[in-house]
K.L.:
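The structure is given below, and queries will be raised subsequently.
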Amino acid sequence: MKADTGITIVDRDETGVDKAFRADVLKGLAQRQKAIPARWFYDERGSQLFEDITKQPEYYPTRAETEILRDRGIEFAELVGPDRAVVEFGSGSSVKTPLLLEAVDPAAYVPLDISGEFLRQSAVALSNKFPGLPVHPVEADFMRKVELPDEVEHLRKLGFFPGSTIGNMVPRTAVDLLRSMRATMGADEGQLPMLLIGMDLVKDREVLEAAYADGEGVTAKFNCNLLHRINRELGGTIATEKFEHRAIWNDDFARIEMHLLATEPVDFEVSGKRFSMAKGDTIHTENSHKFTRRSANTLLLAGGWTPLKRWTDEDDRFSLILAQATEQRDAP
Ligand code: AVJ
């Protein structure tokens with residue numbers, strides 16, 4: 001995929017259905033434990049609801065991470081140095097990205113996102129905020145190696161992956177992504193890119209469960225929006241009022257799981273296929289893994305990144321880790 005083409009890579013059938021969405025939903029609903037990948041939350045409404053979640057008093061990660069970015073800019077700059085190309089995995093957030101760009105004084109900014117719409121919006125907003133900074137948005141699936149624009153080829157890279165989005169992946173997928181990031185940023189061509197990554201921390205169950213079940217019910221709406229999206233885009237007949245939001249801490253896997261729980265027996269169709277659920281059955285819609293200092297380091301090392309420095313917010317709720325691509329060498 002080339003930069004600045006403005007091409008949308010969503011693959012739709014004759015009737016305008018997103019084929020990947022349909023395939024994931026049909027496959028996920030056919031399983032014994034029904035499960036749908038969390039990435040499908042983020043249609044326009046879902047993205048708006050996530051924005052609203054970040055403003056809820058119980059949802060601390062966004063505020064905690066922003067606090068670190070705000071307070072530690074000088075330290076980032078010291079370790080990272082100027083004139084890098086900042087490669088952001090996901091469209092920039094309107095608050096966090098400017099804080100990083102201000103701190104590290106980069107030579108270019110390259111946001112990567114699968115959704116061209118958000119990508120273009122945030123690229124324009126950033127260009128306005130940083131008039132002298134070359135911005136090269138790339139519409140691509142960063143779970144694979146992405147070809148970066150020629151203009152940044154010669155620049156040293158700093159990857160930016162905030163939000164603890166890595167926590168949405170099970171470890172094996174997270175490691176695949178970390179390795180793709182290395183490849184995207186040229187680690188195999190002798191460069192030693194850096195990565196600044198946000199990772200949320202293990203803490204008391206009550207605090208975690210509340211963060212994913214806020215009192216206003218915004219997270220519940222966010223979760224249930226997936227059912228509405230299926231009904232709208234995939235000809236679904238799901239009786240959405242028969243489902244409830246659940247957020248449960250899974251201590252063995254150190255993750256919050258979000259589920260949609262059927263409060264009574266339900267039968268429905270999606271894209272002409274029939275499904276039925278008993279009362280108490282759930283659709284697993286999201287994992288949000290939480291880390292300790294060591295588990296974070298282990299995951300990064302497994303993905304080919306050596307942790308250099310770690311920062312947390314004042315209340316030790318969230319971590320930002322600066323890592324460098326591990327040099328290829330023989331054991332140990
Ligand atoms: C976007 C992955 C950071 O896991 O905390 C928030 C998504 N889900 N509330 C997270 C989310 C429910 C969020 N991330």
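Atoms within each ligand, like the ligands themselves, are counted from 1 in listed order. Residue numbers count from 1 along this sequence.
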K.L.:
Can you name the nearest heavy-atom pair linking S164 to H289, along with the distance?
P.N.:
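Taking S164 first and H289 second, the nearest heavy atoms are OG-O, 4.3 Å.
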K.L.:
Strictly under 6.0 Å, is that where the ring centroids of F89 and F160 end up?
P.N.:
no
K.L.:
Check the hydrophobic clustering (I, L, V, M, F, W, Y; side-chain heavy atoms under 4.5 Å; chains of links allowed) and say if V266 and I36 are grouped together.
P.N.:
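The answer is yes; both residues are in one hydrophobic cluster.
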K.L.:
Give the atom numbers and elements of ligand 1 that come within less than 4.0 Å of a heavy atom of N168.
P.N.:
2 (C), 4 (O)
K.L.:
Mind checking whether K290 has an N or O less than 3.5 Å away from an N or O of ligand 1?
P.N.:
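N/O-N/O distance under 3.5 Å: no.
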K.L.:
Test of understanding: given a 4.0 Å heavy-atom threshold, classify the contact between Y42 and ligand 1 as side chain, backbone, both, or neither.
P.N.:
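The part of Y42 near ligand 1 is the side chain, not the backbone.
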K.L.:
Just which atoms of ligand 1 are under 4.0 Å from any heavy atom in G163?
P.N.:
3 (C)
K.L.:
Closer than 3.5 angstrom, by distance alone: can the side chain of R144 be matched with the main-chain N or O of A140 as a donor-acceptor pair?
P.N.:
no
K.L.:
Could you see which bit of F222 sits under 4.0 Å from ligand 1, with heavy atoms only: side chain, backbone, both or neither?
P.N.:
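Side chain only; the backbone of F222 stays clear of ligand 1.
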K.L.:
Any salt bridge linking R72 with E75? Criterion: basic side-chain nitrogen under 4.0 Å from a carboxylate oxygen.
P.N.:
yes
K.L.:
Work out whether the distance between some heavy atom of G167 and some atom of ligand 1 is less than 4.0 Å.
P.N.:
no
K.L.:
Below 4.0 angstrom from a heavy atom of Y59, which ligand 1 atoms are there? Numbered from 1 as shown, please.
P.N.:
3 (C), 5 (O), 6 (C), 9 (N), 10 (C), 13 (C)
K.L.:
Looking at ligand 1, does F50 have a heavy atom less than 4.0 Å from it?
P.N.:
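The answer is yes, since F50 has a heavy atom less than 4.0 Å from ligand 1.
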K.L.:
Using 30° and 60° as the class boundaries, would you call the ring planes of F243 and F268 parallel, tilted or perpendicular?
P.N.:
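Because their plane-to-plane angle is over 60°, the rings of F243 and F268 count as perpendicular.
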